[in-house]
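Throughout, protein chains are lettered first and strands after them, A, B, ... in sequence-line order, and every chain is numbered starting at 1.
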There are 2 protein chains.
Amino acid sequence: MEDEDPRLAVSRHAARLFLEHGVAGTSGDDIAAAAGLSKRTVWRYFRTKENCVEPLFSATALRFAATLRRWPRNMSIEDYFQACLGPDHATPEELSDGLLAVRLIARLPDEPALRAAWLMSCQISEEALAKVIGERLHRSAEDFEVRLCAATVIAAVRVVDETVSTAAIKHGQKFTLEEINSMLARSVRAASTLPISDPVGS
Amino acid sequence: MEDEDPRLAVSRHAARLFLEHGVAGTSGDDIAAAAGLSKRTVWRYFRTKENCVEPLFSATALRFAATLRRWPRNMSIEDYFQACLGPDHATPEELSDGLLAVRLIARLPDEPALRAAWLMSCQISEEALAKVIGERLHRSAEDFEVRLCAATVIAAVRVVDETVSTAAIKHGQKFTLEEINSMLARSVRAASTLPISDPVGS
DNA sequence: TGACATCTGTCACTTAGTGACATACATCAT
DNA sequence: ATGATGTATGTCACTAAGTGACAGATGTCA
């Protein structure tokens, strides 16, 4: 039983409250009460109310980056996503976090304050991905070309996430795992500015 | 003498104050006083203090998008940037806005609150660019592929902006116009997921 | 002129967010 | 054990960000 990041726990409560009552309808006290903490501690964890959801976004994004980190060099992106992406490879906790994230993303157009947190988590995952790409290509994560590639790939993932989340939550559209995986693989392949999608020399 | 967006005027004052005294060292009253408005009006213009700089970022980004909108179909991106990007094609006002933006971007690592505004303006320019790409390729701006391309291109521009701004302001590095234009063209070409960089059939 | 809409200021008020200090708990050298 | 140090949290007073409600100014149009 590992003790988790307490911020992530707060983040889950904040996300639920934001979804139920909206951001404006949720006070700092509400979040603190739900998390079983004093208000002061919440403000020590987060600079602003909206930022409370950022760890939730980041957690799911970083899990994706961690999956990419285990991507074998001799495997194409399509094969890897097919093999390792999907509900079967996630813990129940990861699944419920993912669902919360998807529902929040679908609300971004109505809740501009949340978009800042969402974009911020993309920035964080961008840095994580730069490290992964750096490893895969034996380059520095600070290298301009590597950062560029990380940024375009994350941008692609973001657009897919927003598209799928909106379609699923707002229009009730159903997707198969294969559809999402192939959309994601196709988008990342098109977006990447460095040859990461096909097997790379070890 | 056209009456401009009053928000942009406030934005310039806010940017200057943030650069001089930092975000934490600038109050809502300071901004209102500098802009010659009541505090109440400032809070009607902007949801938060940090958001005050967003119109400045957006204005410069939208000027870039407007330039791309005039991109002739029979011209490569390298040739077009070479021909139409640079201080000679900007008004003094645009130049001073650009300088403010660059100095703010260089401060993003120290001022996390400003990053939200910066990323938000990227989002806005992304939508503007989607329209431009849609026109260029005779496609809808809502089309997934078009939005994807806009997102990756803006991501590339963002990384170039951040890299150049940081190098210039923090490390005093000098760039020639040719260097910047070619870095930008190369990055956009690599990042774009649709064939926009070379002449396209009318 | 008067009805209506839009923008701005004033001022009281709520709530997001901070500073200062006290308490609890873990670690670790003695 | 004992005490020194560091880190995490709570309490509470306080500042400043942000809102609601109302009033005055200006512009437009019938």
Output every pair passing salt bridge (charged side-chain N to carboxylate O under 4.0 Å, His left out) with a member in [range], not counting sequence neighbours, ordered by first then second residue.
range: residues 146-157 of chain B; value: none
range: residues 118-132 of chain B; value: A:R158-B:E126
range: residues 30-57 of chain B; value: B:D29-B:K39

[X]: partners by salt bridge (Lys or Arg N to Asp or Glu O under 4.0 Å), with sequence neighbours left out:
X: A:K170; answer: A:D110
X: A:D79; answer: none
X: B:R115; answer: B:E162
X: A:E78; answer: A:R189

Pairs of donor and acceptor atoms involving the side chains of residues 15-24 of chain B, under 3.5 Å and at least two apart or interchain, shall be tabulated with distances.
from, atom 1, to, atom 2, distance (Å)
B:R16, NH2, B:H13, ND1, 3.3

Please list, by residue number, the residues of residues 9-27 of chain A whose heavy atoms come closer than 4.0 Å to an atom of DNA chain D; answer none if no residue qualifies.
-> none
Those residues of residues 32-48 of chain B lying under 4.0 Å from DNA chain D by at least one heavy atom = B:R40, B:W43, B:R47, B:T48
Chain A contact limits on DNA chain D, taken 5' to 3' with a cut-off of 4.0 angstrom to heavy atoms = D:dT9 to D:dC12
Below 4.5 Å, heavy atoms only, C-beta onward: do B:E145 and B:L137 meet side chain to side chain?
-> no
Quick one: side-chain contact (heavy atoms from CB on, under 4.5 Å) partners of A:P87, sequence neighbours excluded?
-> A:L95, A:L177
